[in-house]
Amino acid sequence: MGRGFHCHTEQRDDQGCVVNTHEDEPKPEAASYLDVFADKRISALTAADVFHVIAEANVGLIFNATLAGVGNFGNNDDDDGNNDDASDDDAIMSRSAIPLLATAGSAAQIFMILGTYLVGHLTAQGWGRKPFYVAHLSIHPIRVILILICLWTNASSVWLVATELVGGLTGALGVVNAFMRADILFGSGRFNVVDGFQAKIRGIAATSSSYVLAT
């Protein structure tokens, strides 16, 4: 499965005797890297994943900082023009933020588990993968809007934590990304290569996004 080859196994009769070993069939050969990465479907999935990770990384930083009470996203420069975060009370996380952050993370993971089970069940019932992936990309802006509403209205931390449920649903629906890649690459022998490449690209996108926001 890892390489994405069609697996030929021995065929046995009712008595358990081997009737066909498939030894006379040619061994599968991996597709060329050019053919795999030139596939428009793989390129589209990678591009969509990169842009989603860029947005997700920034939203995650703002969410965590807001919930922890760290920073005010304004101009904290001192009179001499220096930005001394170490001496600024806004740079110190409050003790009450620890259970809030833990609750937000746990709620997102629980909702992600439930959502993943639901997606798997509906997929087994014959639902396609594209609707779930489109929903995965579409729900993220809704989460951003909810967080902005909480910030603009100075809503309580409970409402801010509740927005993580939407984030968990986004992650659950995003599971179909791996399924879609497996469908496209099955038989090519390059599933692991593309999977590792996308993981590396996602890491670079998340790091770059966080660096740009921090500067």
Side-chain angles (χ1 to χ4, degrees), residues 45 48-74 85 89-125 127-182 195 198-214:
L45 281 176
D49 208 22
V50 166
F51 284 112
H52 178 265
V53 168
I54 290 175
E56 179 71 22
N58 281 333
V59 172
L61 284 176
I62 295 175
F63 173 83
N64 291 331
T66 303
L67 193 60
V70 178
N72 56 12
F73 302 102
D85 290 337
D89 291 339
D90 289 338
I92 302 175
M93 184 178 69
S94 61
R95 295 178 63 88
S96 61
I98 297 176
L100 289 175
L101 290 170
T103 301
S106 300
Q109 293 300 319
I110 293 174
F111 212 67
M112 187 180 300
I113 293 173
L114 296 176
T116 302
Y117 175 80
L118 178 61
V119 170
H121 176 72
L122 293 178
T123 302
Q125 297 298 320
W127 286 58
R129 311 197 193 280
K130 288 182 180 180
F132 293 117
Y133 192 66
V134 172
H136 161 69
L137 298 176
S138 303
I139 290 178
H140 182 71
I142 298 177
R143 181 193 176 200
V144 174
I145 293 174
L146 292 176
I147 292 176
L148 289 176
I149 292 176
C150 291
L151 294 177
W152 289 337
T153 59
N154 292 323
S156 64
S157 300
V158 176
W159 289 106
L160 191 59
V161 170
T163 62
E164 271 298 272
L165 299 178
V166 182
L169 181 59
T170 303
L173 295 173
V175 172
V176 298
N177 184 298
F179 295 156
M180 293 173 70
R181 280 184 278 116
D195 192 52
Q198 285 202 347
K200 179 66 68 177
I201 292 297
R202 285 196 298 268
I204 295 175
T207 303
S208 303
S209 178
S210 301
Y211 176 78
V212 171
L213 177 64

Ignoring hydrogens and angles, write down the donor-acceptor pairs under 3.5 Å from the side chains of residues 101-115, residues two or more places apart or on other chains.
{"from": "Thr103", "atom 1": "OG1", "to": "Pro99", "atom 2": "O", "distance (Å)": "2.7"}
{"from": "Ser106", "atom 1": "OG", "to": "Ala102", "atom 2": "O", "distance (Å)": "2.9"}

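What you find for Leu137 and Pro141 is that their closest heavy atoms are O-CD, 3.3 Å.
Counting heavy atoms from C-beta outward, Gln198 and Val50 have side chains that stay 4.5 Å or more apart. Inter-residue side-chain proximity for Leu169 and Leu173 is flagged as met; some heavy-atom pair is nearer than 4.5 Å.
The side-chain contact (heavy atoms from CB on, under 4.5 Å) search around Leu160 returns Phe63, Thr66, Leu67, Ile147, Cys150, Thr163, not counting sequence neighbours. Under the side-chain contact (heavy atoms from CB on, under 4.5 Å) criterion, Ile204 pairs with Lys200, Ser208, sequence neighbours left out. His136 meets the ring pair (Phe, Tyr, Trp, His ring centres under 6.0 Å) test with His52, Tyr133; sequence neighbours excluded. A search for side-chain contact (heavy atoms from CB on, under 4.5 Å) contacts involving Val175 returns Thr116, Phe179, not counting sequence neighbours. Under the side-chain contact (heavy atoms from CB on, under 4.5 Å) criterion, Val53 pairs with Asp49, Arg202, Ala205, Ala206, not counting sequence neighbours.
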Test side chain to side chain contact (heavy atoms under 4.5 Å, CB included) applied to Ile149 and Trp159, step by step: CA-CA 10 Å; Ile149 292 176; Trp159 289 106; over 6 Å; no
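The side-chain hydrogen bond (donor to acceptor under 3.5 Å, both in side chains) contacts involving residues 143-155 comprise Glu56-Arg143, Arg143-Glu164, where partners must be two or more places apart or lie in separate chains.
With rounding to the nearest 0.5 angstrom, the CH2 atom of Trp127 is 9.0 Å from the CG atom of Leu118. The CG atom of Leu45 sits 4.5 Å away from the CE atom of Met180 when rounded to the nearest 0.5 Å. If you take CG on Leu122 and OH on Tyr117, they are separated by 10.0 Å, rounding to the nearest 0.5 Å.
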